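Since the structure comes first, as structure tokens, the remarks are kept for the end.
FYI, side chains are in, hydrogens and waters are out, and symmetry mates aren't considered; it's all heavy atoms of this structure. All residue numbers refer to positions in the sequence shown, counting from 1. On a predicted model such as this, the values are computed, not experimentally measured, just so you know.
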Amino acid sequence: CSDSYVDYMKFEIDAIRKFSDKPVTANLMRGFRRIDYWEMAKHMDIASWDAYPFWHRDDAGIEHADICFNHDFFRSIKGGKPFLLMESTPSMPNWHDINKLKRPGVNRLGGLQAVALGSDSVQYFQWRMARGNVEKFHGAVVSHEGSENNRVFREVASLGETLEKLDSVVGCPVDSEVAVFYAAQNFWALDEAQGFNRRDKKQHETVIRHYKQLLDRGINTDIVGYESDFSKYKL
């Protein structure tokens with residue numbers, strides 16, 4: 001199935017490139033292991049992903065580590081090249097079990113966190129809240145209230161002013177001497193294995209617990225797969 005997804009994406013890319021030489025990407029997603037993103041990334045010009053953290057949960061430290069891990073992962077699948085934070089919300093999503101408004105300063109934290117780990121963008125879904133349907137209450141830069149006279153709009157504007165001063169870091173690499181191995185094939189094998197705990201083998205959680213020990217010590221980390229070059233790493 002993963003190969004079929006990748007083959008279909010290549011088919012679409014080939015059609016687009018008959019008319020345009022613009023860079024090609026796709027909105028990749030956190031924790032989506034049904035597709036081998038390492039293989040998909042070979043055919044994209046730049047990696048991008050949609051980040052919607054579960055801020056303000058009781059396990060905030062683990063959630064923070066998981067988001068950082070994903071920034072590192074999407075940078076790594078293109079050989080360490082900068083990625084794009086394609087979607088984020090300046091206020092709150094609408095599809096979590098409980099949708100909490102970001103506390104003051106958290107939007108700034110999330111945006112600069114992405115830049116620090118290799119993103120060349122901080123982008124939002126969406127500009128203006130929808131008038132109806134399923135995304136009526138999904139966060140946006142402009143709320144139903146419709147003006148700039150609110151905290152969310154001001155925080156977005158403030159972060160934009162900060163990013164204007166950070167042009168010098170655009171395109172900068174993240175130098176890492178440590179890597180964590182993470183490949184879709186491992187998850188497919190474990191998910192289908194009968195025995196042990198059949199419902200949840202907690203393979204992802206185990207990876208994040210190890211990764212968090214590096215993150216808490218300020219150690220830059222790449223994520224590697226089966227075809228990655230391991231020679232540059234000390235660990």
Worksheet item: Do Glu39 and Glu227 have side chains that get closer than 4.5 Å, going by heavy atoms?
Response: yes
Worksheet item: Heavy atoms, side chains only, cut-off 4.5 Å: are Leu112 and Leu159 in contact?
Response: yes
Judged by modelled atom types alone, do [X] and [Y] share a side-chain donor-acceptor pair under 3.5 Å?
| X | Y | result |
| --- | --- | --- |
| Tyr211 | Asp66 | no |
| Asn220 | Glu177 | no |
| Asp50 | Asn27 | yes |

Practice prompt. For side-chain contact (heavy atoms from CB on, under 4.5 Å), just list the numbers for His210 and Thr206, CA-CA rounded to whole Å, side-chain angles, deciding distance to a tenth of an Å, and then say yes or no.
Written response: CA-CA 7 Å; His210 284 75; Thr206 302; 3.9 Å; yes
Working to the nearest 0.5 Å, report the span between [atom1] of [X] and [atom2] of [Y].
| X | Y | atom1 | atom2 | result |
| --- | --- | --- | --- | --- |
| Thr221 | Leu214 | OG1 | CG | 4.5 Å |
| Lys81 | Ile46 | NZ | CD1 | 9.0 Å |
| Ser76 | Phe83 | OG | CZ | 9.5 Å |
| Ile77 | Tyr37 | CD1 | OH | 8.0 Å |
| Thr89 | Asn94 | OG1 | CG | 9.0 Å |
| Glu145 | Asn150 | CD | CG | 5.5 Å |

Discussion item. What verdict does the side-chain hydrogen bond (donor to acceptor under 3.5 Å, both in side chains) test give for Gln185 and Asp36, after you've listed the backbone C-alpha separation in whole Å, the side-chain angles of each residue and the deciding distance to 0.1 Å?
Written reply: CA-CA 8 Å; Gln185 292 87 343; Asp36 181 1; 3.2 Å; yes
Practice prompt. Please step through side-chain contact (heavy atoms from CB on, under 4.5 Å) for the pair Val207 and Val180, ending with a clear verdict.
Written response: CA-CA 8 Å; Val207 171; Val180 171; 3.8 Å; yes
Item to complete: Could you give me the CA-CA distance, side-chain angles and deciding distance for His204 and Tyr182, then say whether side-chain hydrogen bond (donor to acceptor under 3.5 Å, both in side chains) is met?
Response: CA-CA 9 Å; His204 177 77; Tyr182 194 84; 2.8 Å; yes
Discussion item. Listing request: all side-chain hydrogen bond (donor to acceptor under 3.5 Å, both in side chains) pairs with a residue in residues 161-171, at least two apart in sequence or in separate chains.
Written reply: Arg108-Thr162
Item to complete: Group every Ile, Leu, Val, Met, Phe, Trp and Tyr by side-chain heavy-atom contacts under 4.5 Å, then state whether Leu117 and Phe74 land in the same group.
Response: no
Item to complete: Show the numbers, then the answer: is there a side-chain hydrogen bond (donor to acceptor under 3.5 Å, both in side chains) between Asp3 and Tyr8?
Response: CA-CA 9 Å; Asp3 289 345; Tyr8 181 67; over 6 Å; no
Under 3.5 Å, sequence neighbours excluded: what are the donor-acceptor pairs made by side chains of residues 53-64?
from  : atom 1 : to     : atom 2 : distance (Å)
His56 : NE2    : Arg103 : N      : 3.0
Arg57 : NE     : Asp59  : OD1    : 3.1
Arg57 : NH2    : Asp59  : OD2    : 3.2
Glu63 : OE1    : Arg30  : NH2    : 2.8
Glu63 : OE2    : Arg30  : NH1    : 2.9
Glu63 : OE2    : Arg30  : NH2    : 3.2
Glu63 : OE2    : Phe54  : N      : 2.6
His64 : NE2    : Gln113 : NE2    : 3.1

Give every donor-acceptor pair under 3.5 Å between a side-chain atom in residues 123-131 and any protein atom, sequence neighbours left out.
from   : atom 1 : to     : atom 2 : distance (Å)
Gln123 : NE2    : Ser121 : OG     : 3.4
Tyr124 : OH     : Asn107 : ND2    : 3.0
Gln126 : NE2    : His138 : O      : 3.4

